Number of protein chains: 2
Amino acid sequence: MANRAMANSIERRSGVSLWRQIADQILHSIAIGDFAENAALPPEMALAERYGVNRHTVRSAIAALVQEGVLRAEQGRGTFVLSRKRLSYPIGRRTRFSAGLQGQASERRSVLLEATVEPASRRVADALKLARGSDVIRLEARGEADGQSVSRATSWFEARRFAGIDAAMAETGSITASLERFGVNDYLRQSTVLSARHADAADLADLDLRPGAIVLVTVAVNVTPDGQPIQFAETRFPAERVELKLSAL
Amino acid sequence: MANRAMANSIERRSGVSLWRQIADQILHSIAIGDFAENAALPPEMALAERYGVNRHTVRSAIAALVQEGVLRAEQGRGTFVLSRKRLSYPIGRRTRFSAGLQGQASERRSVLLEATVEPASRRVADALKLARGSDVIRLEARGEADGQSVSRATSWFEARRFAGIDAAMAETGSITASLERFGVNDYLRQSTVLSARHADAADLADLDLRPGAIVLVTVAVNVTPDGQPIQFAETRFPAERVELKLSAL
DNA sequence: AAAATTTGTCTATTGATATAGACAACTATA
DNA sequence: TATAGTTGTCTATATCAATAGACAAATTTT
């Protein structure tokens, strides 16, 4: 398995530097479990040969990953893997942040970054079945698991019905708990659309990523059991730290 | 919306060249519908100012997208968007390639690229509930919609039970039809795990992508209605052409 | 017809990326 | 205590990426 995963070649003149491509591949190998925690990476010379580049180029890749805290290099001994496998984030009819990561991370929370009231864009109005331009509350939140950023969500709620949900969210750190204060004791995932792209500047800052990283993006609508839309959300997940597990619903 | 989407800034010294980052952002803007088909892109000077780079850098980004067939530049007139929005590929309890894209592409088919018998790796054996090392058939197939590559799948089946499925697949061009010949009239999606990464060399060739492109990866198990696993598959989707729509199951 | 706008081409310069080789510093092992 | 294997540092050179400015070529607007 290690062979198949690391045999991937790299492309020149692609706009992505060789060291970045190699760093990405090493990161991928770790993520799919090619290296156990604390395992030694192959020596620089071996990696250079495998990828067909100079040893210094491999060193640039390793330096970047050391900087990111993924690897630790020790002179005379070798280079070692620090980071663990990806978190698996379940998505299903009842998708909840904290409950979903139970068992994978001991400490998990949702941090409210910003809350504002704004007129609904077409996209938001359509999803929540509101008139375009009517007031909605936008919440910006970051999900953290064991101190690491694992998600970054932007949510919209009807302002009239959920006035004050920002305060509830700041207090409880949970969407589920906040919605309960408004009489929503249960809600279901109506639709989820999934895509992936390179992280933009905001993602880089919020999720503590390096430029060139990939984010998984879900756009979802949550509804009450009787089908009334209550939340529209776009969530970004760092692909190198998180995978999404679509659970049978 | 155009403002928000294109206001994303770019990072220097990241290992990803500025022209590649700008090309990615333009691609993203198109994908989320910021530009209608045949709409004009802002002039090079305007884009250069927006991203804070030299006009020549923007030109490199545009040149790459012209090369990829996404844009068309006309001297004296402007630069125009050619490509359409992303396909939306439904994933649910009954995920079928051809049926899923009905209405979005007039011509769609699955092309068998390779078929071999091999011993099951641990990953495959676990998924299909077979003994490790027992024979499995591996099928490599590409999904095409209106002549464009939209998916690249690697599937495994128990060799004993599905001997000859490669021939059936070559003939019918459909997994569903092939399985019917083996008495499988219905099957369900048991699990799907989703991730994203940069395209590797094989993806680049098979899906006709440029280096640096992103692929969505699904790893799925299909089972008969009574829960017997019949197919294990890893499918790669080009993120710039496809989004995954998780349907209510 | 003239002016303004926009893409295309050229030259030149600077900084980041990649290659090449040599040797130092450190660790583990024979 | 050598010796082999590994990471760390240095110098030098070539190519790619990005900036800067000027002007040509084509199209649209005035």
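Convention: sequence-line order gives letters A, B, ...; per-chain numbering from 1. Predicted model only: the values in this text are computed from it and were never measured.
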Self-check item: Arg55(B) side chain near dA20(D) phosphate (N/O to OP1/OP2, under 4.0 Å)
Solution: no
Self-check item: Residues forming a side chain to side chain contact (heavy atoms under 4.5 Å, CB included) with Ala170(A), sequence neighbours excluded
Solution: Leu112(A)
Close N or O pairs between protein and nucleotides 26-29 of chain D (under 3.5 Å):
residue : atom : partner  : partner atom : Å
dA26(D) : O4'  : Gln75(B) : OE1          : 3.4
dT28(D) : OP1  : Arg77(B) : NH1          : 3.1

Practice problem: Please name all residues satisfying side chain to side chain contact (heavy atoms under 4.5 Å, CB included) with Ala205(B), sequence neighbours left out, ordered by chain then number. | Solution: none
Quiz item: Looking only at side-chain N and O atoms, does Thr57(B) come under 4.0 Å of OP1 or OP2 in dT19(D)?
Solution: yes
Quiz item: By side chain to side chain donor-acceptor pair (under 3.5 Å), which residues pair with Gln75(B), not counting sequence neighbours?
Solution: none
Quiz prompt | Residues in side chain to side chain donor-acceptor pair (under 3.5 Å) contact with Thr57(B), at least two apart in sequence or another chain | solution = none
Quiz item: Rounded to the nearest Å, what distance is computed from the CG atom of residue Leu18(A) to the C1' atom of nucleotide dA17(D)?
Solution: 13 Å
Quiz item: Does anyone know the first and last nucleotide of DNA chain C in reach of chain A, 5' to 3', at under 4.0 angstrom to a heavy atom?
Solution: dT17(C) to dA28(C)
Which donor-acceptor pairs under 3.5 Å do the side chains of residues 125-132 of chain A make with protein atoms, sequence neighbours left out?
none

Exercise. For Leu65(A) and dT7(D), give me the distance from atom CG to atom P, rounded to whole Å.
Key: 14 Å
Quiz item: Partners of Ala39(B) by side chain to side chain contact (heavy atoms under 4.5 Å, CB included), sequence neighbours excluded?
Solution: Phe35(B), Ala36(B)
Self-check item: Contacts of Asp166(A) that satisfy side chain to side chain donor-acceptor pair (under 3.5 Å) - sequence neighbours left out
Solution: none
Quiz item: With respect to Phe237(B), which candidate in Val217(B), Leu216(B), Leu87(B) satisfies the side chain to side chain contact (heavy atoms under 4.5 Å, CB included) definition?
Solution: Leu216(B)
Quiz item: To the nearest Å, how far apart are Leu47(B) CG and dA18(D) C1'?
Solution: 16 Å
Practice problem: Taking only Lys NZ, Arg NE, NH1 and NH2, and the carboxylate oxygens of Asp or Glu, determine whether Arg197(B) and Asp203(B) approach each other closer than 4.0 Å. | Solution: yes
Practice problem: Could you tell me whether the side chain of Arg109(A) and the main chain of Gly173(A) form a donor-acceptor pair under 3.5 Å? | Solution: no
Quiz item: Sequence neighbours excluded, which residues qualify as side chain to side chain contact (heavy atoms under 4.5 Å, CB included) partners of Arg138(A)?
Solution: Glu114(A), Thr116(A), Glu118(A), Glu140(A), Thr154(A), Trp156(A)
Practice problem: Just call it for Ser60(B): base, sugar-phosphate, or nothing, with non-hydrogen atoms closer than 4.0 Å on any strand. | Solution: nothing
Quiz item: End-to-end bend of the helix from dA1(C)-dT30(D) to dA30(C)-dT1(D) (five-pair axes, 10° rounding)?
Solution: 20°
Practice problem: Can you sort out the partners of Ser155(B) under side chain to side chain donor-acceptor pair (under 3.5 Å), two or more places apart, ordered by chain and number? | Solution: Gln231(B)
Practice problem: To the nearest Å, give me how far apart OH (Tyr51(B)) and P (dT19(D)) are. | Solution: 14 Å
Quiz item: Within this structure, what is the CE-to-C1' distance between Met45(B) and dT19(D), rounded to whole angstrom?
Solution: 12 Å
Exercise. Starting at atom CD1 of Ile62(B), determine the distance to atom P of dA17(D), rounded to an integer number of angstrom.
Key: 17 Å
Self-check item: Spacing of Arg20(B) atom CZ relative to dC16(D) atom C1', expressed in whole Å
Solution: 14 Å
Self-check item: Which residue lies more 5' along DNA chain C, comparing Leu41(B) with His56(B) via nearest heavy atoms
Solution: Leu41(B)
Quiz item: What is the distance from CH2 of Trp19(B) to C1' of dC16(D), rounded to the nearest Å?
Solution: 10 Å
